[in-house]
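What follows is a single structure, written as structure tokens, with notes after it.
Naming convention: chains lettered A, B, ... in sequence-line order (proteins, then strands); numbering from 1 in each chain.
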Protein chains: 2
Amino acid sequence: MAQQIKRNCSLHLVNTDRDCDTCPLPKKCIGDGLSKEQSDSISSLIKSRGPFQAGETIFRMEDPFKSIFAIQSGSVKIESSLDDGTPLIHGFYFDGELIGIEAIGDTRYQNDAVALENTWICELPFEQIESLCIKIPKLQHEILELLGKRIRYTNSTIVRGRYLSADKRFLLFLSDLYQRKGLVSTNGDRSVTLPMTKGDIAIHLGLRPESLSRALSKLQEEGLIRNRVREIEILGNDQEVFSCVWV
Amino acid sequence: MAQQIKRNCSLHLVNTDRDCDTCPLPKKCIGDGLSKEQSDSISSLIKSRGPFQAGETIFRMEDPFKSIFAIQSGSVKIESSLDDGTPLIHGFYFDGELIGIEAIGDTRYQNDAVALENTWICELPFEQIESLCIKIPKLQHEILELLGKRIRYTNSTIVRGRYLSADKRFLLFLSDLYQRKGLVSTNGDRSVTLPMTKGDIAIHLGLRPESLSRALSKLQEEGLIRNRVREIEILGNDQEVFSCVWV
DNA sequence: CGAATTGTTGAAACTTCTCAATCCGGGTGG
DNA sequence: CCACCCGGATTGAGAAGTTTCAACAATTCG
């Protein structure tokens with residue numbers, strides 16, 4: 001099944017298992033609700049690429065912007081650096097999510113996109129998508145919507161996060177992760193596997209790795225989470241753990 | 001002249017004095033380079049509104065999203081708050097800039113937009129803009145471009161700013177302000193009038209008002225700026241003052 | 001198994017926050 | 001015209017949180 005998706009790489013075929021409207025981030029729902037011909041014309045533009053190994057680059061800062069990408073499977077971190085070399089991680093993206101859209105309207109990508117594990121992506125040549133938008137109003141609407149969604153996402157995570165202490169900032173991150181992975185209010189397995197290092201999470205949250213480590217230890221002592229290698233488990237229900245970071 | 005712009009409120013007529021491509025933020029260059037008929041069809045959608053007094057609300061969080069707005073004259077702050085009431089300021093916008101675009105694809109605005117001084121705005125009903133985009137590919141491209149620009153803007157200010165100390169964070173803010181107001185590398189008057197309070201700037205930068213005040217005093221002692229009421233002047237050339245926050 | 005990376009912990013330094021007092025400037029009203 | 005008032009801005013001192021630097025443990029990978 002997963003294999004078929006990769007080979008076929010049709011946006012229309014995938015992602016029927018998630019409700020796009022509730023996702024905080026743009027999902028590759030593009031093409032939902034279109035006619036056969038319309039979704040075919042989208043599918044014909046798409047090129048599948050992969051697999052990328054952990055550490056491999058999908059696009060680089062200096063590369064000319066030509067395409068946006070939908071992650072088919074795996075995960076990706078978006079990073080850049082300050083002039084003095086300080087690394088800066090803009091975000092982590094998972095299967096079903098779009099990357100590269102922050103370069104829309106510019107000539108180059110502003111960041112590097114690096115695979116965190118074995119990753120397959122779909123390339124969507126943006127110029128052609130744009131042309132197609134003229135013919136398919138619904139597609140145009142979806143592109144606009146996902147751009148708006150991305151702006152709102154940044155506001156609700158990074159902007160909001162600035163006002164929170166290290167431990168709450170991590171809980172906000174974790175809450176977002178659970179939502180995006182569809183784990184909110186699930187019974188049974190309440191743990192999430194982290195494809196990125198804790199160090200990367202720290203940088204992404206604007207913290208030193210040591211500070212995050214301490215925050216994690218503190219949250220574990222308080223009995224809110226279990227902190228393991230490449231894995232976090234929340235103990236107790238969402239309400240108990242996340243209430244302090246929910247709106 | 002300014003009056004004429006207000007009355008006419010044509011996006012095409014205004015903003016011929018600035019180079020859109022170098023603006024870090026979406027400007028109301030919408031409509032540049034279109035045919036007479038095309039720009040007329042845009043102009044016919046536009047409604048001028050104002051004047052808003054300082055403190056008056058242009059749109060509220062709860063309002064249904066219908067329009068984006070171009071600021072004709074004056075300035076606006078975009079704010080919301082955390083659940084505990086902590087105020088949170090997403091940004092300040094000036095004449096020629098667009099607000100409300102972060103609500104695109106959603107049913108409501110996520111923030112309040114409050115005038116900081118006497119302010120005139122142009123309302124652009126978004127549904128109609130969207131329809132027009134189908135007919136005018138160039139307009140579609142411009143809307144996509146400005147949304148991308150907004151994402152990049154947030155990345156280069158708020159995301160980057162998180163990694164900077166209080167005084168550098170302010171310099172980054174100031175540098176952005178000078179760019180947007182077209183004051184970079186001007187000779188002569190090097191001062192900028194602040195329509196917002198220093199307290200608002202502090203919140204926007206993720207600092208306490210006292211912390212910003214200390215940072216300003218420090219920068220003044222170092223001879224980089226002159227700190228006055230509702231006014232900041234940079235002493236020395238852009239290179240000297242802003243180099244530490246430039247990429 | 002050893003090397004390299006990642007994660008944790010400790011102690012001291014540093015930055016920012018908090019709370020309180022004071023100052024300043026603009027507006028109001030006598 | 002001046003005294004008063006009030007919100008914004010500044011300053012001080014101590015508390016709190018984060019960073020830094022250093023050492024070490026745990027994990028992964030060759």
Side-chain angles (χ1 to χ4, degrees), chain A residues 53-56 77 79 82 84-89 92 114 116-118 161-173 193-222 225-233 244, chain B residues 53-55 77 79 82 84-89 92 114 116-117 161-173 193-222 225-233 244:
Chain A
Q53 306 296 321
E56 275 191 273
K77 72 173 165 183
E79 64 181 350
L82 295 182
D84 62 355
T86 316
L88 194 144
I89 295 180
F92 306 103
V114 180
L116 292 168
E117 59 190 317
N118 256 33
R162 290 195 312 175
Y163 298 87
L164 303 175
S165 58
D167 50 344
K168 287 192 182 165
R169 216 181 285 185
F170 176 77
L171 286 180
L172 181 62
F173 169 80
T193 304
L194 305 170
M196 72 295 278
T197 65
K198 301 245 169 76
D200 277 350
I201 297 176
I203 303 293
H204 172 54
L205 297 178
L207 298 166
R208 300 285 102 187
E210 300 93 326
S211 300
L212 178 62
S213 186
R214 276 181 248 275
L216 292 176
S217 303
K218 186 188 160 215
L219 290 169
Q220 179 163 261
E221 261 178 38
E222 292 171 351
I225 63 166
R226 182 164 304 153
N227 178 27
R228 304 233 202 84
V229 275
R230 292 276 168 136
E231 189 185 339
I232 296 285
E233 185 179 350
C244 67
Chain B
Q53 307 294 322
K77 73 173 165 182
E79 63 180 351
L82 296 180
D84 63 355
T86 316
L88 194 144
I89 294 180
F92 306 103
V114 179
L116 293 167
E117 59 191 317
R162 290 195 313 175
Y163 297 88
L164 303 174
S165 58
D167 48 345
K168 288 194 181 164
R169 215 180 286 186
F170 176 77
L171 286 180
L172 181 63
F173 169 80
T193 304
L194 305 170
M196 73 294 279
T197 66
K198 301 243 170 78
D200 277 350
I201 297 176
I203 304 291
H204 173 55
L205 296 177
L207 299 167
R208 298 285 105 188
E210 299 93 325
S211 300
L212 177 61
S213 186
R214 277 181 246 275
L216 292 176
S217 303
K218 186 189 161 215
L219 289 170
Q220 180 164 260
E221 263 178 36
E222 292 171 351
I225 63 166
R226 182 163 304 151
N227 179 27
R228 305 232 202 85
V229 274
R230 292 275 167 137
E231 191 184 338
I232 296 285
E233 186 180 348
C244 66

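Rounded to an integer number of Å, the gap from CG of A:Leu205 to P of D:dT19 is 11 Å. The distance from atom CG of B:Asp200 to atom C1' of D:dG8 is 11 Å, rounded to the nearest whole Å. Residue A:Met196 contributes atom CE, which lies 20 Å from atom P of C:dT5 at whole-angstrom precision. Rounded to an integer number of Å, the gap from A:Leu194 CG to C:dG7 C1' is 13 Å. For A:Ile203 and C:dG7, the CD1 to C1' distance is 14 Å, given to the nearest whole Å. Taking atom CZ of B:Phe170 as the reference point, atom P of D:dA9 lies 11 Å away to the nearest angstrom. The nearest whole Å value for the distance from the CD atom in B:Gln220 to the P atom in D:dA9 is 14 Å.
Checking each of A:Lys198, A:Glu233, A:Glu221, A:Lys218 against A:Asn227 for a side-chain hydrogen bond (donor to acceptor under 3.5 Å, both in side chains) leaves exactly one that passes, namely A:Lys198.
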Query raised in the report: Are B:Phe92 and B:Asp200 close enough, and set up right, to give a side-chain contact (heavy atoms from CB on, under 4.5 Å), and what steps lead you there?
Result: CA-CA 9 Å; B:Phe92 306 103; B:Asp200 277 350; 3.9 Å; yes

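The two residues B:Arg230 and B:Thr197 come nearest to each other via the heavy atoms NH2-CG2, 3.0 Å. Between B:Lys77 and B:Ile89, the shortest heavy-atom distance links the atoms CD-CD1, 4.3 Å.
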Atom pairs under 3.5 Å, N or O on each side, protein against nucleotides 8-18 of chain C: can you list them with distances?
unit_1	atom_1	unit_2	atom_2	d
C:dT8	OP1	A:Asn227	ND2	2.8
C:dT8	OP2	A:Ser213	OG	3.1
C:dT8	O5'	A:Ser213	OG	3.2
C:dT9	OP2	A:Ser217	OG	2.7
C:dG10	N7	A:Arg214	NH1	2.9
C:dG10	O6	A:Arg214	NH2	3.1
C:dA11	N6	A:Arg214	NH2	3.3
C:dT16	OP1	B:Ala166	N	2.6
C:dC17	OP2	B:Arg208	N	3.3
C:dC17	OP2	B:Ser211	OG	2.5
C:dT18	OP2	B:Arg208	NE	3.3
C:dT18	O4	B:Arg214	NH2	2.8

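A salt bridge does not link A:Arg208 to A:Glu210: none of the charged nitrogens lies less than 4.0 Å from a carboxylate oxygen.
A:Arg169 contributes no side-chain N or O that, together with a main-chain N or O of A:Leu212, makes up a donor-acceptor pair within less than 3.5 Å.
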